[in-house]
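Computed over heavy atoms, backbone and side chain alike; hydrogens, waters and symmetry mates excluded. All of these numbers come straight from a predicted model, not from anything done at the bench. Just follow the structure's listing: the first ligand is 1, and inside any ligand the first atom is 1.
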Amino acid sequence: MTVEAETIVEPTPNGPLMVYGNVLVKDSKGTLTKKSNATAFCRCGASNNKPFCDGSHRKIGFQG
Ligand code: FES
């Protein structure tokens with residue numbers, strides 16, 4: 001698998017891991033989803049839409 005675009009990865013304070021750029025996300029079944037521009041990945045563990053952030057970090061008061 002080749003990813004041609006450069007990406008920027010930024011952990012946001014008390015929030016998600018932001019990935020800027022074009023990425024392919026592979027789920028546990030091997031399905032690939034193409035994401036572009038900005039993608040927020042959950043780092044608090046509370047999202048109901050893992051691996052993506054759904055804003056639940058605010059509800060649980062995630063710090064990190
Ligand atoms: S970081 Fe946003 S829901 Fe987990």
| Could you give the distance from NZ (K34) to CG (N22), rounded to the nearest 0.5 Å? |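 Rounded to the nearest 0.5 Å, the NZ-CG separation comes to 5.5 Å.
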
| field | Spatial distance of atom CZ (R58) from atom SG (C44) [nearest 0.5 Å] | value |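 Taking CZ in R58 and SG in C44, the distance rounds to 10.5 Å.
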
| said: Can you count the protein N/O/S atoms lying under 2.8 Å from atom 4 (Fe) of ligand 1, leaving waters out? | reply: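 Counting protein N, O and S atoms closer than 2.8 Å to atom 4 (Fe) of ligand 1 gives 2.
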
| Would K35 count as a cation-pi partner of F52, with NZ or CZ less than 6.0 Å from the six-membered ring centre and within 45° of the ring normal? |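 So K35 does make the cation-pi contact.
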
| field | Donor-acceptor under 3.5 Å (R43 side chain, T12 main chain) | value |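 It does hold such a pair.
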
| said: Using every non-hydrogen atom in the two residues, find where N48 and D54 come nearest and quote the distance to one decimal. | reply: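 For N48 versus D54, the nearest heavy atoms are N-OD2, 2.9 Å.
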
| Does atom CD1 of I8 have more than 12 heavy-atom neighbours, drawn from other residues, nucleotides or ligands, at distances under 6.0 Å? |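 No - once you tally the heavy atoms of other residues, nucleotides and ligands closer than 6.0 Å, there are 12 at most.
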
